[in-house]
Amino acid sequence: MFLFSEKVDLFMDKLTLLYSRQAIAERVRALAEAINSDYADKELVLVGILRGTFVFLADLIRLIKVPVTVDFIGVSSYGLGTESSQQIALTKDVQIPVTGKHVLVVEDILDTGLTVDFVLRSLRQRQPASLRVCALIDKKERRLIDVPVDYVGFDLKSGFVAGYGIDCAERYRSLPDIYLVESVER
Ligand code: XMP
Ligand code: MG
């Protein structure tokens, strides 16, 4: 019964290919090249925001040629209705000390900006040598708060996406490509 209802649920989402694995690989390579050149004589700490970044980060880090360490930070957002009233809380802090380090925050999707703004404020308190942001997808037209973003994979005007580590209600993280997800009424 459980399996059956899971299967029925799957058919409620319409998935349309947005970024193929080849297109993603091309953009990840370009991001890595820019990062390698900008941090040429430096040591880098990549901080991935859980959980949607784990696939992107795994691909990106294997193309990084400068000395690099990796850590993850977890945040949860909750609120009453509107996005702008969302409260964001730290659920998992980084374990690596970032004071005096060159830190690059890696995010899957930059949307309202509230999540990355929260993470940047938290990390900035520890006085890193530098602090930058890399987002695979930037929905910049939806920004509610101005956040600096230094490396962007794709610009997206609208739409909800999933795949390549990114979920829709925890589903589709395992898909190798990125899809636009629309809920279809049964
Ligand atoms: P903001 O910038 O609004 O982003 O604080 C909060 C989180 O929302 C997620 N997000 C999405 N997740 N498909 C998803 O699966 C989407 O289209 C989408 N847009 C935003 C994103 O993970 C970010 O951390
Ligand atoms: Mg996220």
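One-based numbering, in listed order, for ligands and for the atoms of each. Just so you know, these numbers use all the heavy atoms, side chains as well, and skip hydrogens, waters and symmetry mates.
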Any N/O pair Gly113/ligand 1 closer than 3.5 Å: yes

Within 45 degrees of the axis of the six-membered ring of Phe72 and under 6.0 Å from its centre: does Arg51 put its NZ or CZ there? no

Pairing residues for Tyr151 by the ring pair (Phe, Tyr, Trp, His ring centres under 6.0 Å) criterion, not counting sequence neighbours: none

Ile35 and Leu60, any side-chain heavy atoms less than 4.5 Å apart: yes

In ligand 1, which numbered atoms sit nearer than 4.0 Å to a non-hydrogen atom of Leu114? 2 (O), 5 (O)

Numbered atoms and elements of ligand 1 in range of Thr115, under 4.0 angstrom, heavy atoms: 1 (P), 4 (O), 5 (O), 6 (C)

Of all the heavy atoms in Arg142, does at least one lie under 4.0 Å from an atom in ligand 1? no

Ile109 to ligand 1, any heavy atom closer than 4.0 Å: yes

Geometry only, no angles: is Val161 polar-contacting ligand 1 at N/O separations under 3.5 Å? yes

Report yes or no: does a heavy atom of Gly159 sit under 4.0 Å from some atom of ligand 1? yes

Contacting atoms of ligand 1, where contact means under 4.0 angstrom from a heavy atom of Asp167: 14 (C), 15 (O)

For ligand 1, which atoms sit closer than 4.0 Å to a heavy atom of Asp108? 21 (C), 22 (O), 24 (O)

Sorted by chain and number, sequence neighbours left out, side-chain contact (heavy atoms from CB on, under 4.5 Å) with Val75 holds for Ile49, Ile88, Leu90, Thr115, Phe118, Val119

Donor-acceptor pair between Tyr164 and Asp59 side chains, under 3.5 angstrom: yes

Any chance the rings of Tyr179 and Tyr172 have centres within less than 6.0 Å? no

Any idea which atoms of ligand 1 are less than 4.0 Å away from a heavy-atom of Lys139? 16 (C), 17 (O), 18 (C), 19 (N)

Going by an N to O cut-off under 4.0 Å, is there a salt bridge joining Arg171 and Asp167? no

Assess whether atom CZ of Arg29 is packed by more than 12 heavy atoms of other residues, nucleotides or ligands within 6.0 Å. no

Under 4.0 Å from a heavy atom of Thr112: give me the atoms of ligand 1 that qualify, with their elements. 1 (P), 2 (O), 3 (O), 5 (O)

Ligand 1 atoms in contact with Glu107 (distance to a heavy atom under 4.0 Å): 23 (C), 24 (O)

